[in-house]
Student: 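Pasting a structure below so you can have a look.
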Amino acid sequence: METITEQSLTQPWSREEFEAQLRAKSRRYHIHHPYHRAMYAGELNREQIQGWVANRYYYQIQIPIKDAAIMANCADREVRLHWVQRILDHDGHEGDAGGIEAWLQLAEAVGLKREEVIDQRHVLPGVRFAVDAYVNFARRAPWQESTCSSLTELFAPEIHQSRLDSWPDHYPWIKDSGLSYFRKRLSEARRDVEHGLRITLDHFRTREAQERALDILQFKLDVLWSMLDAMTMAYLHNTPPFHSCPDPVQSP
Ligand SMILES: O=C(O)c1cc(C(=O)O)c2c(n1)C(=O)C(=O)c1cc(C(=O)O)[nH]c1-2
């Protein structure tokens, strides 16, 4: 017979407790990363803001590809009908140029040229690897697991709001038009996460499955954190990839 302690370890959490466990992951959200902390404290210079915008562009363009991968794995028509909105939000549709275009406007507002963002010349290998890991996870995992990985969006409205609150004071050189991406995401993220959370709470029922969901969410937190680690090396510490190699680069 199981002891009480063993039982409490294997009993599934109630829906409320499971949701609370997922939400508690906010403690590891990239809002706490030193790069973001410096951003909201007004401590970044123009190049450091530009580096962040140019690198985050890679995340922005891969999000709809990630969402298409989720849909490709999903046989549930109702879910696909709902999920397709995420692709339209980023890629745009009639009457809305979409999030990727809004991000390019942000890039221009911080003084980058559209071409240098679109051609990805500033994207760091570490950022690329982290984002690609997220897309590849969505390609391979059952759609309910990929849905769960998008739940960092539970914490995203706060981070978008932090930018809207702090940038006009600290970075008055950034044109207000650049902030429209963050305004747009405030409502979109809330709507998306309601759907994603419902799927996750419905699907992960055993304690083992619920713990798997927490691990998946942690994986996504790792993706976001690792992107900023790569940017820290390049733009805060001035140690981009290969900075210590002999120059000019020798062939092997
Ligand atoms: O600016 C941010 O810090 C941030 C974080 C996240 C996130 O938590 O994954 C997303 C976004 N922004 C975002 O704009 C966005 O469209 C988005 C989609 C997703 C996703 O996983 O499907 N995350 C995020």
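Note that ligands are numbered from 1 as they come in the structure, with each ligand's atoms numbered from 1 the same way. Values below: all heavy atoms of this structure, side chains included; hydrogens, waters and symmetry mates excluded.
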Student: Between R163, M227, H30, flag the one that comes closest to atom 1 (O) of ligand 1 by a heavy atom.
Tutor: R163
Student: For this output row, return yes or no: ring centroids of W225 and H32 closer than 6.0 angstrom.
Tutor: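 No, the ring of W225 stays outside the 6.0 Å limit from the ring of H32, centre to centre.
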Student: Are any of the heavy atoms in F155 under 4.0 Å away from ligand 1?
Tutor: no
Student: Do other residues, nucleotides or ligands put more than 12 heavy atoms under 6.0 Å from the CE atom of M233?
Tutor: no
Student: If we ignore angles and hydrogens, is there a donor and acceptor under 3.5 Å between the side chains of H90 and D67?
Tutor: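 Absent: no donor and acceptor within the cut-off.
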Student: Quick test: of every protein heavy atom, which one is nearest to atom 11 (C) of ligand 1, and how far off is it to 0.1 Å?
Tutor: R56 NH2, 3.9 Å
Student: Identify, by atom number and element, the atoms of ligand 1 in contact range of I159, meaning under 4.0 Å from any of its heavy atoms.
Tutor: 2 (C), 3 (O)
Student: Under a 4.0 Å heavy-atom limit, does I31 contact ligand 1 with its side chain, its backbone, both, or neither?
Tutor: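 Under 4.0 Å from ligand 1, I31 contributes no heavy atoms.
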Student: Taking 4.0 angstrom as the limit and counting only heavy atoms of Y181, give me the atoms of ligand 1 inside it, by number and element.
Tutor: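 Close to Y181: 13 (C), 14 (O), 15 (C), 16 (O).
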Student: Using a 4.0 Å cut-off to any heavy atom of Y134, which atoms of ligand 1 qualify?
Tutor: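 So the answer, numbered in order with elements, is 20 (C), 21 (O), 22 (O).
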Student: Please work out, at 4.0 Å between heavy atoms, whether the side chain, the backbone, both, or neither of K66 comes within that distance of ligand 1.
Tutor: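 It is the side chain that gets close, since no backbone atom is under 4.0 Å.
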Student: To the nearest 0.5 Å, what is the distance between NZ (K175) and OG (S180)?
Tutor: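 Nearest 0.5 Å value for the NZ-OG distance: 12.0 Å.
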Student: Give the atom numbers and elements of ligand 1 that come within less than 4.0 Å of a heavy atom of L224.
Tutor: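 Numbered from 1, ligand 1 contributes 7 (C), 8 (O), 9 (O).
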Student: Need the ligand 1 atom indices (1-based, order shown) with element for anything under 4.0 Å from a heavy-atom of Y29.
Tutor: 3 (O), 5 (C), 6 (C), 7 (C), 8 (O)
Student: Measure T152 to ligand 1 on non-hydrogen atoms and call it side chain, backbone, both or neither using the 4.0 Å cut-off.
Tutor: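 It is both parts that get close, each with some atom under 4.0 Å.
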Student: Within a strict 4.5 Å, meaning less than it, do heavy atoms of the Q120 and R128 side chains meet?
Tutor: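 The answer is yes; the side chains approach within 4.5 Å.
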Student: Side chain, backbone, both or neither: which part of H36 comes within less than 4.0 Å of ligand 1 when only heavy atoms are counted?
Tutor: neither
Student: Does a side chain donor of either Q60 or Y181 reach within less than 3.5 Å of an acceptor in the other side chain?
Tutor: yes
Student: Does the side chain of K66 come within less than 4.5 Å of N136's, by heavy atoms?
Tutor: no
Student: For atom 9 (O) of ligand 1, grab the closest protein heavy atom and report residue, atom and distance to one decimal in Å.
Tutor: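 Here the closest protein heavy atom is Y59 OH, 2.7 Å.
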Student: Side-chain contact test, heavy atoms from C-beta onward, threshold under 4.5 Å: evaluate it for F182 versus W167 and give yes or no.
Tutor: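 Touching, per the 4.5 Å side-chain cut-off.
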Student: Picking from V127, V123, I118, what satisfies side chain to side chain contact (heavy atoms under 4.5 Å, CB included) with Y57?
Tutor: I118
Student: Is the closest N or O pair between K220 and ligand 1 shorter than 3.5 Å?
Tutor: yes
Student: Contact between E188 and ligand 1, counting heavy atoms under 4.0 Å?
Tutor: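 No.
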Student: Using a 4.5 Å cut-off on heavy atoms from C-beta on, say whether the side chain of L214 contacts that of K25.
Tutor: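 Counting from C-beta outward, K25 and L214 do come under 4.5 Å.
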Student: Just say parallel, tilted or perpendicular for the rings of F219 and F137, cut-offs at 30° and 60°.
Tutor: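 Geometry flag for F137 against F219: tilted rings.
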Student: Considering non-hydrogen atoms of the protein only, which is the closest contact for atom 17 (C) of ligand 1, and what is the distance?
Tutor: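 For atom 17 (C) of ligand 1, the nearest protein heavy atom is E153 OE2, 3.7 Å.
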Student: What about S149: any of its N or O atoms under 3.5 Å from an N or O on ligand 1?
Tutor: no
Student: Under a 4.0 angstrom heavy-atom cut-off, which atoms of ligand 1 come close to H90?
Tutor: 16 (O)
